[in-house]
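What follows is a set of notes on a single structure, which appears directly below.
The figures here come from the full heavy-atom set of this structure, side chains too, leaving out hydrogens, waters and symmetry mates.
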Amino acid sequence: MKRLDLYTLDVNYVAELAKADSKVMSVSPQQKKDNRPFVGVVVICNDKRYCIPLTSPKPKHQKMKDGLDFSRLFDNKGKLLGAMNFNNMIPVDDRLIKKIYLLPLPTDSPQEIKYKDLLNDQLDWCNNNRKEIKNKASRLYEVVTIHHKENERIVSRCCDFKKLEAALEKYLIDQGLEQPKQEYIIKKVSEDEFNALKSSGMNFQTAIKDNQRVIRFKTEQKEQVEKIINGLKNKNVLL
């Protein structure tokens, strides 16, 4: 597994996700959190890219326990470096993330240098534990999207990953970054229906499944397909 990097996210995108799911970590000026960047590492969950947010160390973290949706970060001397909120991970696209470069610059303030030092330490921990991070994220994704009924307590703390994936797709379309995905319908047809559809010049795919002919066609063709099939029934061609 290749080394991890830290990324910040497009704040407008994060704000849109927060409208779809209130559990998304806010970057809203109204909540006085616009100065908190959404910083995290990106991993693959079910063939989709997810950003797991990192947070700075807080006194409450000392009393918290690691779990499937939460991990604390420590250096080799046992110093608390922060935490990873797996429950708040969100789907991302490469066009909505920006890699953070952690080399100090001559123009950096003492506060900026201190923050970069913390991020470097956090990133070192993430790379030393990247396999465990990937496995934990994948397990949590499966719990939330598949085994949610048996895990209501932990699911209640997590973002709705499927809802956010739909929100990501909509955001990319709204921003003109992607075209809407073409939806298809699969329908079983008799030989008479197939021949009538074929003679109409319609564009569709056909196959044999479970000894029955099926066709796959675009959603916008639904009305035309039904009109042809119903026309055959009205002529008593079909039993």
Side-chain angles (χ1 to χ4, degrees), residues 1-10 13-14 17 21 23-25 36-58 60-104 114-165 167-169:
M1 182 178 177
K2 68 177 184 179
R3 285 183 61 83
L4 299 172
D5 289 306
L6 290 179
Y7 297 89
T8 56
L9 275 61
D10 183 312
Y13 168 60
V14 178
L17 289 194
D21 188 340
K23 294 186 181 70
V24 173
M25 291 177 65
R36 180 185 70 185
F38 196 108
V39 175
V41 295
V42 174
V43 298
I44 304 297
C45 293
N46 194 37
D47 297 327
K48 296 177 177 61
R49 294 169 70 80
Y50 267 79
C51 184
I52 310 168
L54 290 162
T55 62
S56 300
K58 298 177 178 61
K60 68 177 182 179
H61 292 153
Q62 295 286 0
K63 299 179 181 179
M64 297 174 70
K65 294 182 179 180
D66 293 352
L68 183 58
D69 63 338
F70 176 79
S71 286
R72 294 173 298 169
L73 286 59
F74 294 93
D75 66 12
N76 54 15
K77 295 181 180 180
K79 178 184 176 182
L80 180 67
L81 300 174
M84 297 189 75
N85 293 313
F86 288 80
N87 60 311
N88 295 127
M89 65 183 189
I90 61 175
V92 294
D93 181 274
D94 286 345
R95 291 162 289 186
L96 304 175
I97 62 177
K98 183 178 180 181
K99 182 178 175 180
I100 301 176
Y101 292 93
L102 300 175
L103 292 176
K114 184 178 179 180
Y115 182 56
K116 284 186 176 181
D117 286 342
L118 173 63
L119 291 181
N120 269 305
D121 290 341
Q122 289 181 333
L123 183 57
D124 285 343
W125 184 93
C126 289
N127 276 302
N128 290 335
N129 296 273
R130 57 187 182 272
K131 184 176 180 180
E132 291 79 3
I133 291 171
K134 170 66 171 63
N135 289 341
K136 181 179 281 193
S138 295
R139 293 201 311 273
L140 182 64
Y141 182 91
E142 186 174 306
V143 164
V144 173
T145 59
I146 300 176
H147 305 295
H148 48 90
K149 290 184 179 179
E150 309 97 289
N151 299 276
E152 292 183 358
R153 186 172 181 179
I154 191 171
V155 170
S156 68
R157 301 194 295 265
C158 297
C159 293
D160 187 330
F161 302 140
K162 288 296 186 181
K163 181 184 291 186
L164 295 185
E165 288 171 7
L168 167 59
E169 184 177 338

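Here the side chains of D93 and R49 are not in contact, with every heavy-atom distance at 4.5 Å or above. Looking at K134 and I44, their side chains come closer than 4.5 Å, going by heavy atoms from C-beta outward. Here the side chains of D21 and I90 are not in contact, with every heavy-atom distance at 4.5 Å or above. With a 4.5 Å cut-off on side-chain heavy atoms, M25 and P53 count as touching. A heavy-atom distance below 4.5 Å is found between the side chains of V41 and M84. Between K162 and Y141, some side-chain heavy-atom pair lies under the 4.5 Å cut-off.
Of the possible donor and acceptor atoms, none in the side chain of K23 sits under 3.5 Å from a partner among the backbone N and O of D160. Side-chain atoms of Q122 come within 3.5 Å of backbone N or O of T55 as a donor-acceptor pair.
In this structure, D69 pairs ionically with R157, as a charged nitrogen and a carboxylate oxygen lie closer than 4.0 Å. Between D75 and K77 there is no salt bridge, since none of the side-chain N atoms of the basic residue sits less than 4.0 Å from a carboxylate O of the acidic one.
Ring geometry, H61 versus F70: the interplanar angle falls from 30° to 60°, so the pair is classed tilted.
Open room surrounds CD on E152; 12 or fewer heavy atoms of other groups in view lie less than 6.0 Å from it. Shown here is K98, whose NZ atom has no more than 12 heavy atoms of other residues, nucleotides or ligands within 6.0 Å.
Taking every heavy atom of both residues into account, V24 and L17 meet most closely at CG2-O, 3.8 Å. Annotation for L73 and C126: closest pair CD2-SG, 4.4 Å, computed over non-hydrogen atoms.
The distance from atom CG of L96 to atom CG of L168, rounded to the nearest 0.5 Å, is 6.5 Å.
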